[in-house]
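Notes for the one structure printed next.
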2 protein chains.
Amino acid sequence: MASVSPRRSAAEARRTRERIIERSVALASLEGLEGLTIGRLASDLGISKSGLLGHFGTKEALQIAALERAAVIFDREVWRPAADAAPGLARLRAVCTTWISYLERGVFPGGCLFVASTFEYDGRDGPVRDLLRRQFGAWRRRLVADVRVAAGRGELPPDTDPEQVVFELNGILMSLNHTIQLYGDTGAAARARRAVDRLLPPPPAGPAGPQRPGESGTPSKPA
Amino acid sequence: MASVSPRRSAAEARRTRERIIERSVALASLEGLEGLTIGRLASDLGISKSGLLGHFGTKEALQIAALERAAVIFDREVWRPAADAAPGLARLRAVCTTWISYLERGVFPGGCLFVASTFEYDGRDGPVRDLLRRQFGAWRRRLVADVRVAAGRGELPPDTDPEQVVFELNGILMSLNHTIQLYGDTGAAARARRAVDRLLPPPPAGPAGPQRPGESGTPSKPA
DNA sequence: CCTTATAGCGACCGATCGATCGGACTCTAT
DNA sequence: ATAGAGTCCGATCGATCGGTCGCTATAAGG
């Protein structure tokens, strides 16, 4: 009678919802979006199944909320730290650095949630897969745009095919993800960096600037 | 009473077992190794759950049988068609060709079962994951050996790091797998081929042999 | 021919799945 | 003060999960 603790202000509810989503993201990266079960999640958080599901309605809505949160985290961990670099090669290389680090540090305990989810949703379609498609598309477009800038500025060969570069970049990062997840070998990050260097050669670091003199871009040491 | 059909010779039982495994592989590539459910599988095949499980004992044993069968298929579709090429660059390139084709043709309806399973078994360990590790290890070792041969024969730069090359090859193929599965874009196979060409440059196709004169290897047109 | 091994069945197990319900409770707005 | 909205609960739903059991009918082996 006294043990029931039904505290529930609007702010508290928001916090509860946050906790649910946060835990969902971590759990989903380990067990998969489908392996996420309401019962387990609820008992993990010390709340009831109905109380949990009340925030989302259906499991699918929870999955989508988790994916959207994962995108926010990805943006925070990978894109934003590199966003200030000069568009073009500099930013591409900066993004690759943060991207590799994001896998190396294990931001998601079970590896990149997007990659895992894609393979999980191989066959079936539906809102979850649609969202995944959109998220990957947006990310790819960002990278392609910067490759195009880099090629236009002469930082990459003029015959560069932007989509091709992004295709290969994605492969490098997926291979890293795969190696880390299967063998726990974070040393593979060095391999990924080498592969990136081959694909996006660093500008010559001579005392004289590269080829675009007036550019403030090329970060020498952005703190 | 009359509808029960308990035919069961040793040969018939073997065939039943084969049918189960075959269907399991296809289903697992679509729904995941864990998404494989005994009930669904049984009703798909028109047999009872207990009759199915009697062949394997546990679901885990069935998953392992499916993975082992998938390895046989992979070997048949990817390795064997290329195995006769000369060890070294020629065979590496041949393997990449069959490998890409294997993804392009959708040998497994849900993409490469090994890759999907790896990400599915991110967190948890156990016999399934151990098997995955061994299978990937064997495949990687094969490729590394051929890269080493190629480097030793001067078909690749002498400072080539074999593990690095295989790491990047794996990435290319995983990126292809990913693109096909998420967008159904088999056109990405061309991108994968271009990436392979960059990583494993084809030998100069001049009228004179490459650099190793007495070698019968370098297949000009092996039919 | 008769015994033994076994393939496959139907019935059933406890556990858990996602989801629904009515109610207890506390905020917030009037 | 009171009404309404919203949060979270316990109980419960039907379905399905992996797995077990006893049984029957046959094939295989002596």
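Chain identifiers are assigned alphabetically (A, B, ...) following the order of the sequence lines, protein sequences preceding nucleic acid strands; residue numbering begins at 1 within each chain.
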L52(B) atom CG is separated from dG18(D) atom P, nearest whole Å, by 10 Å
Check whether any side-chain nitrogen or oxygen of H55(B) sits under 4.0 Å from OP1 or OP2 of dT6(C), and answer yes or no. no
Here the distance between atom C1' of dT20(D) and atom CZ of F56(B), to the nearest Å, is 18 Å
**Report entry** Contact check, side chains of V144(B) and R141(B), non-hydrogen atoms, under 4.5 Å
**Finding:** no
5' to 3', nucleotides 13-19 of chain C under a 4.0 Å protein heavy-atom cut-off (B base, S sugar-phosphate only, - none) gives ----SBB
(Q) Please classify the nucleic acid contact of I47(A) as base, sugar-phosphate, or nothing, using heavy-atom distances under 4.0 Å. (A) sugar-phosphate
- Message: Looking at D84(A), I want to see if its CG is surrounded by more than 12 non-hydrogen atoms of other residues, nucleotides or ligands under 6.0 Å.
- Response: no
Which of dC8(D), dA7(C), dG10(C) is nearest the side chain of T16(A)? It is dC8(D)
Residues of residues 17-31 of chain A with a heavy atom under 4.0 Å from any atom of DNA chain D, listed by number, are none
Taking five pairs at each terminus, the helix from dC1(C)-dG30(D) to dT30(C)-dA1(D) shows an axis bend, to 10°, of 10°
Keeping the roles fixed (side chain from R23(A), backbone from L41(A)), state whether a donor-acceptor pair exists under 3.5 Å. no
Taking the side chain from T160(A) and the backbone from A151(A), do they hold a donor-acceptor pair closer than 3.5 Å? no
task = Taking Q135(B) for its side chain and L67(B) for its backbone only, find out whether a donor-acceptor pair lies under 3.5 Å.
result = yes
Determine yes or no for a side-chain-to-main-chain donor-acceptor pair under 3.5 angstrom, with E120(B) supplying the side chain and G32(B) the backbone.
no
One should read off an interatomic distance between D44(B) CG and I20(B) CD1, to the nearest 0.5 angstrom, of 12.0 Å
ask   = Is it the case that R140(A) places NZ or CZ above or below the six-membered ring of Y183(B), under 6.0 angstrom from the centre and within 45 degrees of the axis?
value = yes
- Please lay out, stage by stage, how F74(A) and W139(A) fare under the test ring-ring contact (aromatic ring centres under 6.0 Å, His included). CA-CA 10 Å; F74(A) 186 87; W139(A) 179 241; 4.8 Å; yes
To the nearest angstrom, the CD-P distance between Q63(B) and dC17(D) comes to 14 Å
Self-check item: N/O donor-acceptor pair under 3.5 Å between K49(B) side chain and R40(B) backbone
Solution: no
Atom CG of L45(B) and atom P of dC9(C) are separated, to the nearest Å, by 10 Å
Practice item. For atom CZ of R15(B), decide whether the heavy atoms of other residues, nucleotides or ligands shown that lie under 6.0 angstrom number more than 12. Key: no
